[in-house]
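Letters A, B, ... are given to chains in the order of the sequence lines, protein chains preceding strands, and every chain is numbered from 1. Just so it is clear, the values below take in all heavy atoms, side chains as well, and ignore hydrogens, waters and symmetry mates.
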Amino acid sequence: SYTYGSLISGMCKEKRLKEASEMFERMKEMGVAPTVVNYNSLIDGYCNKGDLERAFSYKDEMIKQGIVTTVSTYNLLIHALFMEGKMVEADPLVKEMKDKGIVLDEITYNILINGYCRCGNAKKAFDLHDEMLSKGIHPSRVTYTSLIYVLSKQKRMKEADNLFEKIIGKGVPPDIIMFNALIDGYCANGNMQRAFSLLKEMDDIKVSPDEVTYNTLMRGHCREGRVEEACKLLDEMKRRGIKPDHISYNTLISGYSRRGDMKDAFRVRDEMLGIGFNPT
RNA sequence: AACUCGUUCC
């Protein structure tokens, strides 16, 4: 039966790792053979918890048990290391994959590319992008979002926009996350006009904006001191049925605070507390 | 059937 596997992965997703690992041990005691997915679920859980030591010990255990690691196993561990900025420590894992004949897949490349984008290494990210193309692996929206992100952070908006258009030209319709990333780039670089023209484009192609879209636009206005405009956006999102989250309110609070309008800042904070969110 | 990647505040 698939019962144990489902229970273990379910508990790992809910971060109930103690229960998951106990159930895993019980399962083995009962003579049920553990699978690679059981291990991957646990590795994922402990990686998310930040306990990489435990995650790696599960990887060692599976190898000892003669259970074949998959590309997912490595993707999980490489991702966890990259999120902690430990790029170098991931090198031996990539080497190990190659030694075992495990082929890097689209997700592996996306993890590597995103990692380098997050730390501002656009060169390395684009090199990996070229490498995946040369291996016949097609970049996805996930890949492009990372590349747009790093270009935006480096204020290379022309290139970010060109890339965005190029992707559309390839017949890949942008999704909401790609839009949000590009909108954020324009907001962070003070081009609210283009940011709003992208919002309009989203509406045109029926990609519904979400709270991230609006939070991003609100923040763009706030950083220019136009908190009133940001408030109008808060109303607009409510009107459109998009629920503001704690970030929406914190954006307004910090917008008012930066301007020294503490009275308004506290007013928004009270409104936020009134609906059960906590300020940060 | 079940495991892995991208966007806003922090």
Side-chain angles (χ1 to χ4, degrees), chain A residues 1-13 20 34-48 55 58-59 62 67 69-80 82-83 102 104-118 125 128 132 137 139-150 152-153 160 164 174-188 195 198 202 207 209-223 230 233 237 242 244-255 257 272 277-280:
Chain A
S1 123
Y2 298 127
T3 311
Y4 278 113
S6 304
L7 289 173
I8 290 168
S9 57
M11 290 187 295
C12 288
K13 270 204 191 321
T35 68
V36 58
V37 175
N38 297 149
Y39 278 105
N40 287 347
S41 300
L42 286 159
I43 289 172
D44 184 34
Y46 282 102
C47 282
N48 288 329
Y58 276 117
K59 192 203 83 161
M62 63 195 289
I67 292 163
T69 51
T70 61
V71 64
S72 300
T73 314
Y74 288 94
N75 287 346
L76 287 161
L77 295 167
I78 293 170
H79 179 241
F82 267 52
M83 293 315 262
I102 297 173
L104 311 213
D105 68 2
E106 185 212 306
I107 295 183
T108 320
Y109 277 103
N110 287 342
I111 290 166
L112 298 173
I113 288 171
N114 184 249
Y116 286 111
C117 288
R118 286 168 51 109
L128 284 161
M132 73 192 285
I137 302 170
S140 67
R141 292 178 178 85
V142 176
T143 322
Y144 295 128
T145 302
S146 298
L147 296 173
I148 288 170
Y149 172 92
V150 75
S152 299
K153 291 296 173 210
F164 188 76
D175 65 8
I176 183 162
I177 300 184
M178 252 198 267
F179 269 111
N180 288 346
L182 188 59
I183 287 173
D184 181 55
Y186 279 113
C187 288
L198 285 164
M202 293 176 75
V207 174
D210 63 4
E211 65 281 1
V212 176
T213 318
Y214 275 92
N215 291 346
T216 303
L217 291 164
M218 285 168 55
R219 184 168 160 71
H221 271 144
C222 287
R223 66 186 285 286
L233 285 174
M237 71 191 282
I242 302 164
D245 59 13
H246 66 106
I247 297 174
S248 317
Y249 292 99
N250 284 327
T251 301
L252 293 176
I253 293 169
S254 74
S257 306
M272 174 168 75
F277 289 132
N278 283 5
T280 33

Does the side chain of [X] come under 3.5 Å of the side chain of [Y] through a donor N or O and an acceptor N or O?
X	Y	answer
A/Asn38	A/Ser41	no
A/Thr108	A/Asp105	yes
A/Thr213	A/Thr216	no

Check: A/Phe164 ring centroid to A/Phe179 ring centroid under 6.0 Å: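 That pair passes the under 6.0 Å test.
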
Please work out if [X] contacts a base, only the sugar-phosphate, or nothing of the nucleic acid, heavy-atom cut-off 4.0 Å.
X	value
A/Asn38	nothing
A/Thr251	nothing
A/Ser72	base
A/Asn114	sugar-phosphate

With heavy atoms of chain A within less than 4.0 Å as the criterion, where does contact along RNA chain B begin and end?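 Boundary nucleotides touching chain A, in 5' to 3' order, are B/A1 to B/C9.
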
Measure the shortest side-chain to side-chain distance between A/Thr73 and A/Lys59 over non-hydrogen atoms and say whether it is less than 4.5 angstrom.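 A side-chain contact under 4.5 Å exists here.
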
Sequence neighbours excluded, the answer for salt bridge (charged side-chain N to carboxylate O under 4.0 Å, His left out) partners of A/Asp184 is A/Lys153

